[in-house]
**Student:** 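Here it is: the structure, laid out below.
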Amino acid sequence: MRPGGPDVLEVLDLPDPAAGPGEILIRVRAAAVSPTDTMRRAGARWEDSPGPPLVPGMDVAGTVQAVGPDTETDLRAGDEVMAIVLPEGAHGAYSELVAVPAEAVARVPRGASFAEAATLPMNGLTARLALDTLRLPAGSVIAVTGAAGAFGGHSVELAKADGHTVIADASEADEELVRSLGADHVVRRGPGFAAAVREIAPAGADGVIDGAVQLDEIVPAAKDGATVITIRGDKGERDRGVTFWSIVVGKYGRRADLLGELRELAEAGSVRLRVADVLPKERAAEAHRRLEAGGTRGRLVLEF
């Protein structure tokens, strides 16, 4: 793949990877499509890649094909697993075979399909990192934008699992969905979000997770000195000591323990695995077009 529009995506025959020391080779059955994939395809961070062909994708589910030498794991060939694939080098999740560090792999949730399991690693770990970065005590008020999306939705679910009160945004069409994720208060998405948060929590939210990338527009929603978690690199102090803190999921890219905790929450029903549609790998360009058009609820997944 070279940078460009969705049509640059094509099926290629590449050499099969092997499981090196500390790695697990996965026979991919499903790979979720994310905004990170579409941005990389369009050229973001292309300077960090080794050049074409570049294989996108950060989430996989499939079966263990092989375990590399000197690898500490209880996984064996044939086990059903999910993994986060960090965007390093040329090979990503849109592959029939992918080799990843053993610390990036966990078993799929009991009863989940491969497509469902593939929706969890990247966005689930990003949401976990957001809440761990806020480091707020149970009972705090957390405001979440983009709550109907994959990252925002998992942020709502994990905040509730941590014992927080959640104020989340939604369009009228998504209000029922966001309530079903566990939000205590659902307010209309858009420019009025901050004011609506202040009506519920007059002092402001103890922390904000900005999945909708509203940035300065939501600063008034935050309590004095509070942190706003961002996912597009924005950081620094704003009015009243409110601080933007940008997170990158690579920090949790080798936290199989946390991925295992997410699996347990999915098995308990506290985290939902939302699949918008499953398409064959040959229709990757269509999946990218649909994601970029907006309005997708749940993840689009490619089948291998």
**Student:** Any salt bridge linking Asp74 with Arg107? Criterion: basic side-chain nitrogen under 4.0 Å from a carboxylate oxygen.
**Tutor:**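 A salt bridge links Asp74 with Arg107.
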**Student:** So do Val301 and Leu279 actually touch side chain to side chain, heavy atoms under 4.5 Å?
**Tutor:**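 Leu279 vs Val301: side chains apart.
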**Student:** Might you point out which heavy atoms bring Val166 and Asp184 nearest each other, and give the distance in Å?
**Tutor:**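 Nearest heavy atoms, Val166 then Asp184: N-OD2, 2.8 Å.
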**Student:** Hey, are Glu172 and Arg189 close enough for a salt bridge, meaning a charged N less than 4.0 Å from a carboxylate O?
**Tutor:**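 Salt bridge flag = no for Arg189 with Glu172.
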**Student:** Between Val85 and Asp59, is there a side-chain heavy-atom distance shorter than 4.5 Å?
**Tutor:**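 Contact flag for Asp59/Val85 side chains = no.
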**Student:** Shared ILVMFWY cluster between Leu158 and Leu258, side chains joined below 4.5 angstrom?
**Tutor:**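 Yes: a chain of side-chain contacts under 4.5 Å links Leu158 to Leu258.
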**Student:** Mark yes or no for whether Arg299, through its side chain, and Val33, through its backbone, hold a donor-acceptor pair below 3.5 Å.
**Tutor:**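 Such a contact is found between Arg299 side chain and Val33 backbone.
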**Student:** How many angstroms lie between atom OG1 of Thr227 and atom CG of Asp206, to the nearest 0.5 angstrom?
**Tutor:**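 It is 10.5 Å, given to the nearest 0.5 Å.
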**Student:** Got a second to check how far Tyr94's OH is from Leu12's CG, nearest 0.5 Å?
**Tutor:**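 Those atoms lie 14.0 Å apart.
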**Student:** Does a side-chain N-to-carboxylate-O contact under 4.0 Å join Asp277 and Arg290?
**Tutor:**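 So Asp277 pairs with Arg290 through a salt bridge.
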**Student:** So, Ser180 versus Arg272: side-chain donor-acceptor pair below 3.5 Å or not?
**Tutor:**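 Present: a donor and an acceptor within the cut-off.
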**Student:** So how far is it from Ile142 CD1 to Ile167 CD1, rounded to the nearest 0.5 Å?
**Tutor:**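 The distance works out to 10.5 Å.
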**Student:** Please confirm whether the backbone N or O of Leu97 pairs with a side-chain atom of Gln65, one donor and one acceptor, at under 3.5 Å?
**Tutor:**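 Answer holds: no.
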**Student:** Is Phe151 linked to Trp245 within one hydrophobic cluster, defined over Ile, Leu, Val, Met, Phe, Trp and Tyr using a side-chain heavy-atom separation of less than 4.5 Å?
**Tutor:**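 Yes; tracing contacts between hydrophobic side chains, which count when under 4.5 Å, links both residues.
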**Student:** Please lay out, stage by stage, how Arg41 and His288 fare under the test side-chain contact (heavy atoms from CB on, under 4.5 Å).
**Tutor:** CA-CA 9 Å; Arg41 184 218 72 228; His288 276 227; 3.0 Å; yes
**Student:** Has the side chain of Arg254 got a donor or acceptor atom that lies under 3.5 Å from a matching backbone atom of Lys251?
**Tutor:**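 Such a contact is absent between Arg254 side chain and Lys251 backbone.
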**Student:** Please examine the side chains of Phe304 and Arg27, heavy atoms only from C-beta on, and report whether any two atoms are closer than 4.5 Å.
**Tutor:**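 When only atoms from C-beta onward are counted, Phe304 and Arg27 do touch, with a gap below 4.5 Å.
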**Student:** Does the distance from a Lys or Arg side-chain N to an Asp or Glu carboxylate O, for Arg128 and Asp162, drop under 4.0 Å?
**Tutor:**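 Yes, this pair counts.
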**Student:** Do Pro280 and Leu302 have side chains that get closer than 4.5 Å, going by heavy atoms?
**Tutor:**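 No, every pair of side-chain atoms sits at 4.5 Å or beyond.
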**Student:** For Ala150, does its backbone N or O pair with a side-chain atom of Arg297 as donor and acceptor, under 3.5 Å?
**Tutor:**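 Not confirmed, Arg297 side chain does not pair with Ala150 backbone.
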**Student:** Measure across Pro69 and Ala19 and return the closest heavy-atom pair with its distance rounded to 0.1 Å.
**Tutor:**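 That would be CD-O, 3.7 Å.
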**Student:** Are the charged groups of Arg188 and Asp169 less than 4.0 angstrom apart, N to O?
**Tutor:**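 Here Arg188 does not pair with Asp169 in a salt bridge, since their nearest N and O are not under 4.0 Å apart.
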**Student:** Any side-chain to backbone donor/acceptor pair from Arg274 onto Gly149? Under 3.5 Å, distance only.
**Tutor:**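 Yes; at least one donor-acceptor contact below 3.5 Å.
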**Student:** Do Asp174 side-chain atoms and Ser171 backbone N/O form a donor-acceptor pair below 3.5 Å?
**Tutor:**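 Here the side-chain-to-backbone pair does not exist.
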**Student:** Is a side-chain donor or acceptor of Arg40 paired with a backbone partner of Gly57 at a separation under 3.5 angstrom?
**Tutor:**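 Between the backbone of Gly57 and the side chain of Arg40 there is no qualifying donor-acceptor contact (under 3.5 Å).
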**Student:** Using the rule that Ile, Leu, Val, Met, Phe, Trp and Tyr join whenever any side-chain heavy atoms are under 4.5 Å apart, tell me whether Val60 and Leu291 fall into a single cluster.
**Tutor:**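 Yes: a chain of side-chain contacts under 4.5 Å links Val60 to Leu291.
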**Student:** Between Ala30 and Ala118, which heavy-atom pair has the shortest distance, and what is it?
**Tutor:**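 Taking every non-hydrogen atom into account, O-CB, 3.8 Å.
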**Student:** Are Phe244 and Asp216 close enough, and set up right, to give a side-chain contact (heavy atoms from CB on, under 4.5 Å), and what steps lead you there?
**Tutor:** CA-CA 9 Å; Phe244 279 22; Asp216 291 317; 4.0 Å; yes
**Student:** Would Asp210 and Arg232 pass as an ion pair if we require N to O under 4.0 Å?
**Tutor:**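 Here Asp210 does not pair with Arg232 in a salt bridge, since their nearest N and O are not under 4.0 Å apart.
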**Student:** Any side-chain heavy-atom pair from Ile26 and Thr63 closer than 4.5 angstrom?
**Tutor:**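 No, side chains not in contact.
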**Student:** Which heavy atom of Leu300 sits nearest to which heavy atom of Ala276, and what is that distance?
**Tutor:**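 Taking Leu300 first and Ala276 second, the nearest heavy atoms are CD2-CB, 4.1 Å.
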**Student:** Counting only heavy atoms not in Arg29 (residues, nucleotides, ligands), do more than 12 fall under 6.0 Å from its CZ?
**Tutor:**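 Counting neighbours around CZ of Arg29, 12 or fewer heavy atoms of other residues, nucleotides or ligands fall under 6.0 Å, so no.
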**Student:** Atom OG1 in Thr73, atom CD in Glu23: separation rounded to 0.5 Å?
**Tutor:**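 These two atoms lie 12.5 Å from each other.
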**Student:** Any non-hydrogen side-chain atom of Arg263 less than 4.5 Å from a side-chain atom of Val271?
**Tutor:**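 No - every pair of side-chain heavy atoms lies 4.5 Å or more apart.
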**Student:** For the side chain of Thr71 and the backbone of Val67, is there at least one donor-acceptor N/O pair under 3.5 Å apart?
**Tutor:**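 No.
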**Student:** First locate atom OG1 of Thr38, then atom CD of Glu292, and finally report the distance between them rounded to the nearest 0.5 Å.
**Tutor:**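 Rounded to the nearest 0.5 Å, the OG1-CD separation comes out at 4.5 Å.
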**Student:** For the pair Lys160 and Ser270, evaluate side-chain contact (heavy atoms from CB on, under 4.5 Å) and give the outcome as yes or no after the intermediate values.
**Tutor:** CA-CA 9 Å; Lys160 288 304 300 175; Ser270 300; over 6 Å; no
**Student:** Using side-chain contact (heavy atoms from CB on, under 4.5 Å) as the criterion, point out the one residue from Val186, Val156, Val144 that pairs with Leu181.
**Tutor:**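 That would be Val156.
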**Student:** For Pro6 and Ala285, work out which heavy atoms get closest and say how close.
**Tutor:**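 Result for this residue pair: O-CB, 3.3 Å.
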**Student:** Testing the basics here: between Ile231 and Gly211, what is the closest heavy-atom pair and its distance to 0.1 Å?
**Tutor:**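 It is CD1-O, 4.1 Å.
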**Student:** Rounded to the nearest 0.5 Å, what separates atom CZ in Arg238 from atom CD1 in Ile218?
**Tutor:**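 Nearest 0.5 Å value for the CZ-CD1 distance: 10.0 Å.
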**Student:** Is the backbone N or O of Ala66 less than 3.5 Å from a side-chain atom of Arg76, with the two atoms forming a donor-acceptor pair by type?
**Tutor:**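 A pair under 3.5 Å: no.
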**Student:** Quick check on Asp224: does its CG atom have over 12 non-hydrogen neighbours (other residues, nucleotides or ligands) under 6.0 Å away?
**Tutor:**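 Enclosed.
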**Student:** Decide yes or no for Leu25 and Pro17: does some side-chain heavy atom of the first lie under 4.5 Å from some side-chain heavy atom of the second?
**Tutor:**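 Result yes, sub-4.5 Å side-chain heavy-atom pair found.
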**Student:** Between Thr133 (side chain only) and Leu131 (backbone N and O only), is there a donor and an acceptor less than 3.5 Å apart?
**Tutor:**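 Not a single qualifying donor-acceptor pair exists.
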**Student:** Hey, are the side chains of Ser246 and Asp234 touching, using non-hydrogen atoms and a 4.5 Å cut-off?
**Tutor:**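 Heavy-atom side-chain distance check fails, nothing below 4.5 Å.
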**Student:** Check the hydrophobic clustering (I, L, V, M, F, W, Y; side-chain heavy atoms under 4.5 Å; chains of links allowed) and say if Tyr252 and Leu120 are grouped together.
**Tutor:**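 Cluster IDs for Tyr252 and Leu120 match.
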**Student:** Among the clusters formed by ILVMFWY side chains lying less than 4.5 Å apart, do Leu262 and Leu273 turn up in the same one?
**Tutor:**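 Yes, Leu262 and Leu273 fall within the same hydrophobic cluster.
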**Student:** Hey, mind stepping through Glu96 and Val28 against side-chain contact (heavy atoms from CB on, under 4.5 Å) and telling me if it holds?
**Tutor:** CA-CA 5 Å; Glu96 292 181 341; Val28 178; 5.8 Å; no
